[in-house]
Protein chains: 2
Amino acid sequence: MKNKEVKDIKIPMKEHFGNYMVPVRDALEVFSGKWKIPIITALTFYETCGFKELERIVEGITPKMLSKELKFLEENLLIIRKVEDTRPITVTYSITEYGKTCKSVMSELYRWGVEHRKKVFNIEGQTWDKC
Amino acid sequence: MKNKEVKDIKIPMKEHFGNYMVPVRDALEVFSGKWKIPIITALTFYETCGFKELERIVEGITPKMLSKELKFLEENLLIIRKVEDTRPITVTYSITEYGKTCKSVMSELYRWGVEHRKKVFNIEGQTWDKC
DNA sequence: TATAGTGGTATCCAAAAGTATAGTGATATG
DNA sequence: CATATCACTATACTTTTGGATACCACTATA
């Protein structure tokens, strides 16, 4: 082919989208994985829980994973950990005001996910109890 | 402690939220991982691309990953693969109308991610070129 | 005939994510 | 004194994810 420069060569996304992916990846880091959304949801619902309580509420999670994810969520300012001076000492985890902003993302994921089930698996009207 | 039944024992999320997590997880399966969103974004932007084109557009991806993710996205009805009867035969991948519905989720992830950067890293006004 | 481009596979490997199981020190209860 | 609860940590393991490298058949071009 002559005039190679005429052929429309598609260029890397970075040229068009710059750093667009960076915040998207940040968000996904918070919401992906098996346990982060369940923990956020639990703390949004109950406001404050202890460690063992969360182990029971978030069914199936191991203490190792719970501990790891709580640290991550605290570093990301979504929850706060407080050591209460009781006997025996108890530790409480609570959702922050900022943590509550996750709701918009989660409900968008929920909304899209429900449509996706309909489209891909042809499953309608199942009881995806909205909250 | 007497009156154990008075103590408010927090119950597993499933009691409150039922199958709420199922569609959320479905959605996350589509959007998580390193390459799915970049591929969707590329095909949303260019409408139709060939395999080698995508390899160049989505910088850093290996043919193995590209092949795997394209299969996944096709199974999820987000893109279509067509073998064109040219010489040599070419294969095109295009976004479906349904695939375009991903935009709402991606822009919500973007929006939240930008706020999250501000909050957690105190990074303002950077050029997260919106699209 | 040599080279380059098309659309991929095959194989091996490393790192990350997640599971299973056990145990710790402090305190409180029966 | 035995047992249980709280908030974890430690260790070993498996699974999943992704990366590196090589290679394939086919066709077109120089």
Side-chain angles (χ1 to χ4, degrees), chain A residues 1-10 21 25 28-39 42-43 48-74 79-94, chain B residues 1-10 21 25 28-39 42-43 46 48-75 79-94:
Chain A
M1 179 193 291
K2 277 161 195 172
N3 296 333
K4 270 188 176 154
E5 53 284 354
V6 168
K7 191 175 171 186
D8 88 301
I9 289 172
K10 289 161 188 171
M21 279 308 165
R25 296 260 252 155
L28 277 173
E29 216 192 321
V30 168
F31 297 104
S32 65
K34 193 170 176 182
W35 302 113
K36 283 172 210 114
I37 288 188
I39 294 169
L43 286 173
T48 294
C49 300
F51 190 90
K52 286 286 176 192
E53 272 178 338
L54 281 168
E55 260 188 276
R56 285 188 293 267
I57 295 163
V58 182
E59 285 173 292
I61 198 166
T62 60
K64 179 189 165 185
M65 287 308 293
L66 181 55
S67 173
K68 186 186 153 197
E69 300 296 46
L70 287 170
K71 260 166 209 155
F72 174 88
L73 296 174
E74 202 196 354
I79 65 172
I80 0 165
R81 179 182 186 272
K82 271 186 193 146
V83 181
E84 309 285 345
D85 191 14
T86 52
R87 251 161 284 119
I89 56 157
T90 46
V91 178
T92 60
Y93 294 91
S94 325
Chain B
M1 179 193 291
K2 276 162 197 172
N3 297 331
K4 270 188 177 155
E5 54 286 352
V6 168
K7 191 176 170 185
D8 88 302
I9 289 173
K10 291 162 188 168
M21 280 306 164
R25 296 260 253 155
L28 276 173
E29 216 191 320
V30 169
F31 296 104
S32 64
K34 194 170 174 182
W35 301 114
K36 283 172 211 118
I37 289 189
I39 293 169
L43 287 174
Y46 284 118
T48 292
C49 299
F51 189 89
K52 288 285 177 190
E53 272 179 339
L54 281 168
E55 259 189 275
R56 285 187 295 266
I57 295 164
V58 183
E59 284 174 292
I61 198 167
T62 60
K64 177 190 163 183
M65 288 308 294
L66 181 55
S67 174
K68 185 186 155 197
E69 300 297 46
L70 287 171
K71 260 167 209 155
F72 174 88
L73 296 174
E74 201 195 354
E75 279 163 20
I79 67 172
I80 2 166
R81 180 182 186 272
K82 271 188 193 146
V83 181
E84 309 287 345
D85 191 14
T86 53
R87 252 163 283 121
I89 55 156
T90 47
V91 178
T92 61
Y93 293 92
S94 327

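What you see is a predicted model; the values in this text were computed from it and never measured.
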- [ ] Give a yes/no answer on whether the side chain of B:Tyr93 brings an N or O atom under 4.0 Å of OP1 or OP2 in C:dG8.
- [x] yes
Task: Whole-Å gap separating C1' (C:dG7) and CD (B:Glu69) - done: 17 Å
- [ ] Grab the NZ-C1' distance between B:Lys36 and D:dG18 for me, whole Å please.
- [x] 11 Å
Open item on the list: In whole Å, I'd like the distance from the CG atom of B:Leu54 to the P atom of C:dT6.
Closed with: 12 Å
Open item on the list: Would you say B:Thr62 places a side-chain N or O within less than 4.0 Å of OP1 or OP2 belonging to D:dG18?
Closed with: no
Task: Distance in angstrom units between B:Met65 CE and C:dA10 P, rounded - done: 16 Å
Open item on the list: Go nucleotide by nucleotide along DNA chain D from the 5' end; which of A:Lys64 and A:Pro88 gets its closest nucleotide reached first?
Closed with: A:Pro88
- [ ] I would like to know whether A:Phe51 and A:Thr90 meet side chain to side chain contact (heavy atoms under 4.5 Å, CB included); could you show each step before the answer?
- [x] CA-CA 9 Å; A:Phe51 190 90; A:Thr90 46; over 6 Å; no
- [ ] Report the distance from atom CD1 of B:Ile9 to atom C1' of D:dT5, rounded to the nearest whole Å.
- [x] 13 Å
Task: Note, A:Tyr93 side chain near A:Leu43 side chain (heavy atom, < 4.5 Å) - done: yes
Task: A:Ser32 (side chain) donor-acceptor with A:Leu28 (main chain) under 3.5 angstrom - done: yes
Task: Minimum side-chain heavy-atom gap B:Met21-A:Ile37 below 4.5 Å - done: yes
Task: Salt-bridge contact A:Glu55-A:Lys52 (side-chain N to carboxylate O under 4.0 Å) - done: yes
Open item on the list: Side chain of B:Pro63, heavy atoms from C-beta onward: which of C:dA20, C:dT9, D:dC8 has the nearest atom to it?
Closed with: C:dT9
Open item on the list: Which nucleotide wins on minimum distance to the side chain of B:Phe51, given the candidates C:dG8, D:dG18, D:dC6?
Closed with: C:dG8
- [ ] Give the rounded distance in Å between these two atoms: CZ of B:Arg25 and P of C:dA17.
- [x] 15 Å
Open item on the list: Side chain of A:Lys34, heavy atoms from C-beta onward: which of C:dG18, C:dT9, D:dT9 has the nearest atom to it?
Closed with: C:dG18
- [ ] State the pairing partner of D:dA30; accept Watson-Crick or G-U wobble contacts with both distances under 3.5 Å, and report none otherwise.
- [x] C:dT1
Open item on the list: Reading DNA chain C from 5' onward, which residue's closest nucleotide shows up sooner: B:Ile89 or A:Gly60?
Closed with: B:Ile89
Open item on the list: Could you tell me how far apart B:Arg56 (CZ) and C:dT6 (C1') are, to the nearest whole angstrom?
Closed with: 10 Å
Task: Whole-Å distance separating the NZ atom of A:Lys68 from the C1' atom of C:dT19 - done: 12 Å
Open item on the list: Taking any heavy-atom pair under 4.0 Å as a contact, classify A:Lys52: base, sugar-phosphate, or nothing.
Closed with: base
Open item on the list: I want to confirm an ordering. Mapping A:Arg87 and A:Gly33 to their closest nucleotides on DNA chain C, which one lands closer to the 5' end?
Closed with: A:Gly33
